Amino acid sequence: MSAVLCLNAGSSSIKFSIYRYSNEPSILVTGAVSGLTADQQYLTFTSYNSGEVLESIKNEKIESPDHDSAFRIFMEHVDSKTGDKRVVSFDDIYVVCHRIVHGGANARPMLITEEVYHELDVLSDLAPLHNQHALDIVHSCIARLKNAKNVAFFDSSFHMTIPRHIYTYPIDLDVQKRHQIRKYGFHGLSYAFIARETSNYLNVESSNLNIIALHLGSGASACAILGGKSVNTSMGLTPLEGLPGATRSGSVDPSLIFHYHTDSSRMSTTLSKDMHLTVAEDILNKKAGWQSITGTTDFGLITKRALEEKDELAKLAFDMFVDRVSMYVGQYWVALKGSPAALVFAGGIGEKGKELRTAVLEKVSCLGFTLDEELNTKATTSSDVIVDVSKKDAKLKTLVIHTDEQLQMAKEVIALQL
Ligand SMILES: Nc1ncnc2c1ncn2[C@@H]1O[C@H](COP(=O)(O)OP(=O)(O)O)[C@@H](O)[C@H]1O
Ligand SMILES: CC(=O)OP(=O)(O)O
Ligand SMILES: [Mg+2]
């Protein structure tokens, strides 16, 4: 048997899937380790035999300090037998697909050679919560799966269709050119998955598909898709721009950092003159976001505290997120000339956060989007890839899509016959 291993190193989780290598990839093993930015990590793991569940572990508490150790734990499970059966052996793995968040201006997947590895290593600074973790895993795969090819899939590739006046920043053009500074955008594998699934669901040719897509997880972004292509997205040079995340500030006034001083009651740029730029970057990427307001990275918990326990700071974080997300829906409504066919929610929060969807829909209902509360509740636990949560006969659809970056990579690698 020939198999494809797909690895998706997110900022707070790592997701893994192994498929049989065939025209329509069929699932053999899938799993995730979540909570990598929290005190406790959880493992989920399911293996299948001809579509039937063979072994299932749900949210088992584990200790995993980083992405690479989570990957090792997953591989130990793959290697262990259930009864006398092993669903897939390491020797079966023919190709490993790695989700690499920052791929520079590369529009296509690349076979990872030593040269490509170093090229990606250089980009690590531009995705400080992602690229290095993914590259550590590439390293482990090269050492452990000696027969397998390693292919890099870039989250930024999907956005290479964004027009120049949108991807250009209003700063010195020579500097931008010299340092390849531009809006790149991320979550592209998820948006490619969403675009394909929505186009099938709505029975609209991909070249006619206009949607606003929201990928809301530990990192959150919005994307305007016009004619099946990304024409704008909220993340930028790095995944820091745009919406706030679990530990990321999202867009703030760039001067704010010069006034950021925890030990002084006075505001002055001279007080922060000793703040090194990497410290600033660290604060905005790792010590900001809703964790800095509420003390937790768990948006499910924030929602519960905000709406059930009436916790003031949780409510503040919740309302801030709803505000920022709704503003992008408005902005992209204009980008799509008022003609999107659907608003799509995806990512950990987009898929599980029914309260968040309700709150965002309240804000954007003036545009014509609707939400059926019963379907909204069902969507969170549904195993369907797409759940239509709009009201009956709504012209504009509101959809929840259980996005799957691993399956997107598997389909692409098989189509490319890599
Ligand atoms: N019931 C829930 N309601 C809202 N958010 C949730 C819920 N369960 C999990 N989440 C959030 O989903 C996020 C993880 O999203 P995910 O897209 O899986 O992760 P990553 O960004 O690491 O890829 C976490 O911030 C978590 O708090
Ligand atoms: C790009 C990004 O922020 O990804 P994730 O949400 O998986 O951390
Ligand atoms: Mg993710």
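Only a predicted model underlies this, so the values are computations on that prediction, with no experimental measurement involved. Both counts, for ligands and for their atoms, begin at 1 and track the order of listing. Residue indices begin at 1 and follow the sequence shown.
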Participant: Sequence neighbours excluded, which residues qualify as side chain to side chain donor-acceptor pair (under 3.5 Å) partners of Ser326?
Facilitator: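 Once residues adjacent in sequence are excluded, Ser326 has no partner under the side chain to side chain donor-acceptor pair (under 3.5 Å) criterion.
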
Participant: Return the option from Ser12, Gly219, Ala9 holding the heavy atom at the smallest distance from atom 19 (O) of ligand 1.
Facilitator: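 Among Ser12, Gly219, Ala9, the closest heavy atom to atom 19 (O) of ligand 1 comes from Ser12.
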
Participant: Please state which part of Ala246 comes within less than 4.0 Å of ligand 1, counting heavy atoms only: side chain, backbone, both or neither.
Facilitator: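 For Ala246, no heavy atom sits under 4.0 Å from ligand 1.
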
Participant: Can you name the atoms of ligand 1, numbered from 1 with element, that are less than 4.0 Å from a heavy atom of Ser13?
Facilitator: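 Those qualifying, in numeric order: 19 (O), 20 (P), 22 (O), 23 (O).
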
Participant: Over 60° means perpendicular and under 30° means parallel, so tell me whether Phe16 and Phe74 are parallel, tilted or perpendicular.
Facilitator: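 Aromatic pair Phe16/Phe74 classed parallel.
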
Participant: Is there any salt bridge (charged side-chain N to carboxylate O under 4.0 Å, His left out) pair reaching into residues 203-218, and which pairs are they, with sequence neighbours excluded?
Facilitator: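 Not a single pair qualifies under salt bridge (charged side-chain N to carboxylate O under 4.0 Å, His left out).
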
Participant: Among all protein heavy atoms, pick the one closest to atom 5 (N) of ligand 1 and tell me residue, atom and distance.
Facilitator: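 The answer is Gly300 N, 3.4 Å.
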
Participant: Minimum distance, heavy atoms only, to atom 24 (C) of ligand 1: which one of Ala32, Gly348, Ser218 is it?
Facilitator: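 Ranked by closest heavy atom to atom 24 (C) of ligand 1, first place is Ser218.
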
Participant: Would you call the rings of Trp333 and Phe369 parallel, tilted or perpendicular, where under 30° means parallel and over 60° means perpendicular?
Facilitator: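 If you compare the ring of Trp333 with that of Phe369, the planes turn out perpendicular.
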
Participant: Would you say the side-chain atoms of Asn150 and His98 include a donor-acceptor pair closer than 3.5 Å?
Facilitator: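 There is such a pair between these side chains.
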
Participant: Looking at Ile349, which atoms of ligand 1 are within less than 4.0 Å of one of its heavy atoms?
Facilitator: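 So the atoms of ligand 1 that pass are 5 (N), 11 (C), 12 (O).
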
Participant: According to side chain to side chain donor-acceptor pair (under 3.5 Å), who are the partners of Asp66, at least two apart in sequence or on a separate chain?
Facilitator: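 Checked Asp66 against side chain to side chain donor-acceptor pair (under 3.5 Å); matches are Ser69.
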
Participant: Hey, does Phe186 have a side-chain heavy atom less than 4.5 Å from the side chain of His102?
Facilitator: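 A side-chain contact exists here, since the closest heavy-atom pair is under 4.5 Å.
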
Participant: In ligand 1, which numbered atoms sit nearer than 4.0 Å to a non-hydrogen atom of Ser11?
Facilitator: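 Numbered from 1, ligand 1 contributes 22 (O).
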
Participant: Which ligand 1 atoms does Thr297 reach within 4.0 Å, using its non-hydrogen atoms?
Facilitator: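 Near Thr297, meaning under 4.0 Å from one of its heavy atoms, ligand 1 has 25 (O), 27 (O).
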
Participant: With only distance considered, is Thr303 within less than 3.5 Å of ligand 1 through an N or O on each side?
Facilitator: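 No, there is no polar N/O contact under 3.5 Å.
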
Participant: Would you indicate whether Asp172, at its atom CG, is surrounded by more than 12 heavy atoms from other residues, nucleotides or ligands within a distance under 6.0 Å?
Facilitator: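 For Asp172, atom CG is crowded (more than 12 foreign heavy atoms under 6.0 Å).
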
Participant: Do the rings of Tyr21 and Tyr94 sit parallel, tilted or perpendicular, given the 30° and 60° boundaries?
Facilitator: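 Perpendicular: the ring planes of Tyr21 and Tyr94 meet at over 60°.
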
Participant: Filter the ligand 2-protein atom pairs down to N or O on both sides and distance under 3.5 Å, then list them.
Facilitator:
| from | atom 1 | to | atom 2 | distance (Å) |
| --- | --- | --- | --- | --- |
| ligand 2 | 3 (O) | Arg248 | NH1 | 2.8 |
| ligand 2 | 3 (O) | Arg248 | NH2 | 3.1 |
| ligand 2 | 4 (O) | Arg99 | NH2 | 3.0 |
| ligand 2 | 4 (O) | His130 | NE2 | 3.2 |
| ligand 2 | 4 (O) | His187 | NE2 | 3.1 |
| ligand 2 | 6 (O) | His187 | NE2 | 2.9 |
| ligand 2 | 6 (O) | Gly219 | N | 3.2 |
| ligand 2 | 6 (O) | Gly219 | O | 3.2 |
| ligand 2 | 7 (O) | Arg99 | NH1 | 3.1 |
| ligand 2 | 7 (O) | Arg99 | NH2 | 3.4 |
| ligand 2 | 8 (O) | Ser11 | N | 2.8 |
| ligand 2 | 8 (O) | Ser11 | OG | 2.6 |
| ligand 2 | 8 (O) | His130 | NE2 | 2.7 |
| ligand 2 | 8 (O) | Arg248 | NH2 | 3.4 |

Participant: Does the pair Lys315/Asp319 count as a salt bridge with the N-to-O cut at 4.0 Å?
Facilitator: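 Yes, charged N to carboxylate O under 4.0 Å.
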
Participant: Going by heavy atoms, is Lys15 under 4.0 Å from ligand 1?
Facilitator: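 Contact present.
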
Participant: Should the pair Tyr191 and His159 be assigned to parallel (<30°), tilted (30 to 60°) or perpendicular (>60°) ring geometry?
Facilitator: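 The arrangement is perpendicular - the two ring planes meet at more than 60°.
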
Participant: Counting both backbone and side chain atoms, is some N or O of Phe299 under 3.5 Å from an N or O of ligand 1?
Facilitator: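 The answer is yes, given that Phe299 and ligand 1 share an N or O pair closer than 3.5 Å.
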
Participant: What protein heavy atom sits nearest atom 8 (N) of ligand 1, and how far off is it?
Facilitator: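 Answer for atom 8 (N) of ligand 1: Lys352 CD, 3.5 Å.
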
Participant: Given Ser190, which partner from the list Asp404, Asp155, Thr403 fulfils the side chain to side chain donor-acceptor pair (under 3.5 Å) test?
Facilitator: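 Looking at Asp404, Asp155, Thr403, the match for Ser190 under the side chain to side chain donor-acceptor pair (under 3.5 Å) is Thr403.
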
